[in-house]
Trainee: 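Have a look at this one before I ask anything.
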Amino acid sequence: MTSTSAFAAPLPAFAAAEPNQVTDLTVSQADGFATVAWTPVPGAADYQIERTAVDAANAPTGTPTVVGVWRPNRQINNETPTFADAGFNPGTRFQWRVRARIGTAEQPYSSPVFDTTKAPWGDPAVAGQNLRTQWETTQAAQYTSDANEYAYTAAVDQLSERVRVVEIGRTVQNRPINMLVIGYPTPPATPAAVAATSPLAVNCNVHGNEPGDREACLIMARQLAFSNDARTLGLLKNTTVLIVPTINGDGRAANTRGNTTGQDLNRDYSLIRQPETAAYVRMLRDYRPVAGYDGHEYGNNQAGDLPMLPPRHQNVAQQIFDESLDMIENHMYVEGAKDGWWACPYGCANGSGVGLSEETILRNTLGLKNTVNSLLELRSSGGATRPDEGNTANNRRRKTFSALWTFNQFMDYHHNQLSDIKKARGEAIEFQAGNNGRIVFRGSRVVPLHPAPHPGEAGPREDLPTPDMILDNAPCAYKLTEAQYNGARTDGPNDVGATVAERIAAHGWKVVKVADGYVVPLAQPERGLIPLLLDEQGEEEWVSGERVYPTLTGRHNGPLTISGFACLSGATVNGPVNLRPGATLVATNTTISGPVNAANAAGVFFGDSSVRGPLQVANTNGPVTVIGTNVSGPVNLVNNTNGAAPYFAGNSVSGPLNCAGNSTAPTNLEVRNVVNGPRAGQCSTL
Ligand SMILES: [Zn+2]
């Protein structure tokens, strides 16, 4: 208590700070956490954050407990320390105090701040908003079961015009794999219409024993479905949010990392031997998210709250790596430092052999599909910086609400940076379709420590490619035999894995049927992924396809007539090019001075090339893809009957663009073409 002297001066409104006492303590409330902030004390080694339960009159009802330890490696700007206090049951009232330690000596506590934390999102009196998951109603004592997830998401779907729940596949044990498709005022009606909105995707639970992100996804779905605040409506007017709560429902039900075959599904996204991963990859093909997050939990208690990592595989286009790193370092680190969450590069502090270049990991698979994305890990245990997580519910709540924060930040990043994301993606697609650069089968880009200071922090392991993992002279295509393409496989559940043909179709690659097999050209958007699965040098390939090398790399003067399979790479043709019926042309980094005419061809591929003259592709019964190509003259794509949409993306056309009679309308993959002339028919919006 204060002095009882009758002559003592009255206490000033602001009590003078004792030496080394923390001052300017503030606490602000968000969903499931409170941001505690203060003014730094010179010489402090760290700070302890104390929380005490209080009643409405601010009288203590619980024991004062140190719930957080702030250390300088938490955040990029040590001059404005913040700590995201989490773990409490939302809606309860507390007192917070913070004190510095100099060396190990505890300094005086700050003055207290009292506040009531935010209640679980949603007005209990409003239908829809009042939905709660099993995890919420049990105050994190139970995780949401499969049955409760299905009931909850069905209710969200039924009560919100913004939400459509679609089943994207089934697990080995036949559990539905659902996805929430969320848009405003309603989600677009078809996958292609969703793709046109440049959607973002959150994969919430691949490892069944890492359930924290999934609970965040279910809460976020309710917020997106029923919140009417300007931010939410602004997000949803602009794009579509795709949430897959549980790709591994069998593993979640059994609380196992893998699915029921024991397969770690996050080592299967390229190979798609399992029905769960195949479902997700088909979804990616059809909905084409431009950005993604993949939620996990992580066992290293020395790591940050939120280890993150971009797609590092060196076959990922530089632009996708750069934009993904930008999202992590220039958004998550910055916003984390404001709100008190400790984001760091996965592997931070004793990460050892994690976060490497396996293309089987969704982070890398997505990058190889030209999707800006990050891994998200929720540190499993409280560790030294969250000493009050011996209580299981406290630990679970901190993890889930840190994931909710991250996914909300992800949506904000997508919203604010969509033009940059789309630019990176478009350039990446053009780079890949041009079959540019060496092929790296395994090996990562370096993720530098960023930014200083994150003292004491270690980044992910270097993981550069070894010489045997590099192919400097990229082939033009891979040729598969009938047996390789359509033969039975034994690498899936119950020895009945899908054929390579079916897996290629799930990835959405273009294939040309030729007389003695099937040709997969590299002149297409997933060029970075194709060799990893079809080349004998691949670390985890499906088959050893035959490398098909270019047939023309230099100059050709005069008309060029193509029959059979021709691959032009870095070539110059001074004259017209004509494809005979049944012929295939693959052209990358090639200039053709003269018209190109393909009628009744088997396949036509242009990447990163120039055509000086009209480009006419008609009655092709195989794939048509024209990407990153300049055409000086009109373009006509007519009556092509392949069934799959022709790609016409990122091109520049001096003249009209006309598409008509194709069995499926061409797509620009959300990479706009520049056309100095009318766009007509099926290409009127490309
Ligand atoms: Zn995991």
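In what follows, residues are counted from 1 in the order of the sequence shown. Remember, predicted model here, so these are calculated numbers, not experimental data. Start at 1 and go down the list; that is how both ligands and their atoms are numbered.
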Trainee: Within 45° of the ring axis of Tyr143 and under 6.0 Å from its six-membered ring centre, is that where the NZ or CZ of Arg214 lies?
Mentor: no

Trainee: Check whether any N, O or S atom of Glu297 sits under 2.8 Å from the Zn ion (ligand 1).
Mentor: no

Trainee: May I ask you to check whether Trp405 and Tyr293 place their ring centers less than 6.0 Å from one another?
Mentor: no

Trainee: Consider side-chain hydrogen bond (donor to acceptor under 3.5 Å, both in side chains). Of Asn248, Asn259, Thr171, which one does Glu276 pass it with?
Mentor: Asn259

Trainee: If you check every N/O/S atom of Glu210, which is the one nearest the Zn ion (ligand 1)?
Mentor: OE1

Trainee: Just to confirm my numbers, could you give the angle made at the Zn ion (ligand 1) by ND1 of His207 and ND1 of His296, rounded to 10°?
Mentor: 100°

Trainee: Would you say Pro310 and Arg363 make side-chain contact, with heavy atoms under 4.5 Å?
Mentor: no

